[in-house]
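So the structure is just underneath, and the comments pick up after that.
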Amino acid sequence: MTRSTPAPLTLGIVGFGKIARDQHVPAIAATGLFRLAAVVSPHGGAPEEAGLSDVPVFRSQTEMLAALPGLDAVAICTPPAVRHALTVEALRAGKHVLIEKPPAATLTELRLLLDAAEGAKRTLFAAWHSRFNAAVEETRRRLAGATVRHAAITWKEDVRRWHPGQDWIFAAGGFGVFDPGINALSILTEILPAPVVVRDAELRVPANRDTPIAATLRMEGVAGSAVGTVTAAFDFLQQGEQTWTIAIETDGIGAEGIGAGGGRLDLTHGGTRLSVDGVPMLAEPDAEYQGIYRRFHHLIADAAGDVDARPLQLVADACLVGRWRTTDAFHW
Ligand code: NAP
């Protein structure tokens, strides 16, 4: 008797902008676990350009849900400010929901999303894409049981290159430089053997915008923990080489033994490469979004969810304890 392969789950993408086109569509096709059944694009972004001429396009999620009652799941790929209402609507309609990072505009919104998922008995998956790299998992494994003396995050990129014309990012609720910065914090919270708290921050907001274009954070482990200090430097005006690194100094030997006399781990290129004491250990091509869709499928099969609020909590804490400074106006 031959066993038939289960049919892919049907999925609608809500918000058909840069990340939906660049990453979600190819990852859905590559993994084959979901079938893209619809796209929601309020201002008619053209799926034909993305090679999707046979996929129906709706102007709102409400329209899509009414037209396709059998849809299994949605992926919310909008900016964060509108994510909460869309996620609640999809859960109430009985859909499993994958949400892009940052998972909500506020901590309360995120907590209420958990309640909504539980009430609807559906999977809610808040994806932190930077965690889906083998080098991140390898770093987490090596730091388990180690003492981290210091970690330094440097996350500097050119907003004009990666977010061209996206005014929402500099509008209130758009996160500014924390939009990429939260990716570093998602890695940090995954790899450290103990939690950190934000002690100090400086946030620089352009005179004509609402959200920071640069920020520095100083974090610490709590007294007696296995983590000392962590600094973060986020910058959205980086020209030339783009930098997404976390340098970690340890003085203990982790469960896997990272080397006597102190070990240094450098997680670079957004979490895709790891060096230990200057020796390259791991470098794998970016397959983050394929990992996300595999995980989403597993979670649905297990009737489980995955929502980790810690990266968003650190951003919110930086905003609470930080000093706000005005800097030069920003124009695209
Ligand atoms: P984007 O290019 O501006 O796309 C956002 C899309 O959301 C737009 O096409 C917009 O449609 C749509 N949208 C807005 N409100 C909507 C609503 N109520 N219903 C349905 N669609 C709506 O932004 P993006 O770069 O793709 O970023 C989106 C999210 O992905 C952000 O949270 C970001 O942090 C995350 N992300 C981005 C990247 C990246 O490299 N860009 C990487 C990883 C994660 P209209 O234009 O038609 O209004």
Side-chain angles (χ1 to χ4, degrees), residues 11-27 38-50 52 55-67 74-90 93 95 97-106 109-110 113 125-133 155 157-187 211-212 234 236 238 242 244 269-272 286-293 311-312 315 332:
L11 176 124
I13 291 183
V14 180
F16 201 63
K18 188 170 188 317
I19 200 62
R21 292 158 197 252
D22 291 358
Q23 297 288 351
H24 287 257
V25 169
V39 160
V40 177
S41 183
H43 298 101
E48 313 84 62
E49 291 163 21
L52 300 171
V55 175
V57 185
F58 298 91
R59 292 298 162 125
S60 74
Q61 178 176 258
T62 309
E63 279 180 32
M64 176 185 74
L65 295 173
V74 298
I76 311 274
C77 302
T78 66
V82 293
R83 202 166 348 266
H84 180 260
L86 291 166
T87 306
V88 170
E89 180 185 44
K95 311 306 166 198
V97 185
L98 159 61
I99 49 181
E100 258 297 348
K101 47 65 56 169
T106 70
E109 279 188 355
L110 187 55
L113 285 186
F125 176 29
W128 296 109
H129 65 85
S130 299
R131 289 180 175 174
F132 284 82
N133 285 298
W155 224 253
E157 65 178 54
D158 181 357
V159 67
R160 293 184 177 89
R161 180 163 156 196
W162 302 103
H163 302 275
Q166 292 181 356
D167 276 319
W168 62 262
I169 223 162
F170 286 119
F175 283 78
V177 78
F178 285 114
D179 180 86
I182 203 168
N183 296 334
L185 298 175
S186 77
I187 296 176
T211 59
F234 299 146
F236 238 164
Q238 172 90 342
Q242 308 290 285
W244 300 286
H269 298 80
T272 57
D286 172 359
E288 294 173 357
Y289 279 79
Q290 292 189 33
I292 284 176
Y293 275 95
L312 187 64
V315 171
W332 297 103

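Just so we're clear, the structure is a prediction, and the values are computed from it rather than from any experiment. Residue numbers count from 1 along this sequence. For ligands, and for the atoms within them, numbers begin at 1 and follow the listed sequence.
The closest approach between a heavy atom of R83 and any atom of ligand 1 is below 4.0 Å. The closest approach between F175 and ligand 1 stays at or above 4.0 Å for every heavy atom of the residue. Ligand 1 has Y289 within reach: a non-hydrogen atom of the residue lies less than 4.0 Å from it. The shortest heavy-atom distance from P102 to ligand 1 is under 4.0 Å.
Side-chain N/O atoms of H24 and E100 include a donor and acceptor closer than 3.5 Å. Judged purely by distance below 3.5 Å, without hydrogens or angles, the side chains of N133 and E288 pair a donor atom with an acceptor atom.
In this structure, the protein non-hydrogen atom closest to atom 10 (C) of ligand 1 is P42 CD, 4.6 Å. With hydrogens left out, the protein atom closest to atom 12 (C) of ligand 1 is G15 CA, 3.7 Å, a heavy atom. Looking only at protein heavy atoms, the nearest one to atom 47 (O) of ligand 1 is H43 N, 2.9 Å. Ranking protein heavy atoms by distance to atom 14 (C) of ligand 1, first place goes to P79 CD, 3.8 Å. Nearest non-hydrogen protein atom to atom 24 (P) of ligand 1 is Q166 NE2, 3.7 Å. Ranking protein heavy atoms by distance to atom 15 (N) of ligand 1, first place goes to V82 CG2, 3.8 Å. The nearest heavy-atom contact from the protein to atom 38 (C) of ligand 1 is I19 CD1, 3.5 Å. Summary of contacts: the protein heavy atom closest to atom 41 (N) of ligand 1 is K18 CD, 3.8 Å.
Using modelled atom types, no side-chain atom of E157 and backbone atom of P180 make a donor-acceptor pair closer than 3.5 Å. Checking side-chain atoms of K101 against main-chain N and O of D179 turns up a donor-acceptor pair under 3.5 Å. Judged purely by atom type and a 3.5 angstrom limit, Q61 uses its side chain to pair as donor or acceptor with the backbone of L86. Remark: side-chain polar atoms of R131 are paired, donor with acceptor, to backbone N or O of S186 under 3.5 angstrom. One N or O on the side chain of R21 and one on the backbone of F16 form a donor-acceptor pair closer than 3.5 Å.
In terms of polar-atom proximity, defined here as any N/O pair under 3.5 Å, S41 makes no such contact with ligand 1. The shortest N or O to N or O distance between K101 and ligand 1 is under 3.5 Å.
Taking the side chain as every heavy atom from C-beta outward, I292 and L98 approach each other to under 4.5 Å. H129 has its side chain within reach of Y289: a pair of non-hydrogen atoms, C-beta onward, lies under 4.5 Å apart.
The nearest protein heavy atom to atom 35 (C) of ligand 1 is closer than 4.0 Å.
The residue from G165, G17, C77 that puts a heavy atom closest to atom 28 (C) of ligand 1 is C77.
Screening residues 79-90 for salt bridge (Lys or Arg N to Asp or Glu O under 4.0 Å) gives no qualifying pairs among residues at least two apart or on separate chains.
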Return all side-chain donor-acceptor pairs below 3.5 angstrom for residues 167-177, not counting sequence neighbours, or 'none' if the list is empty.
unit_1	atom_1	unit_2	atom_2	d
D167	OD1	R209	NH1	2.8
D167	OD1	W332	NE1	2.8

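Per-residue contacts place D179 under 4.0 angstrom from the following atoms of ligand 1 (heavy atoms of the residue considered): 33 (C), 34 (O).
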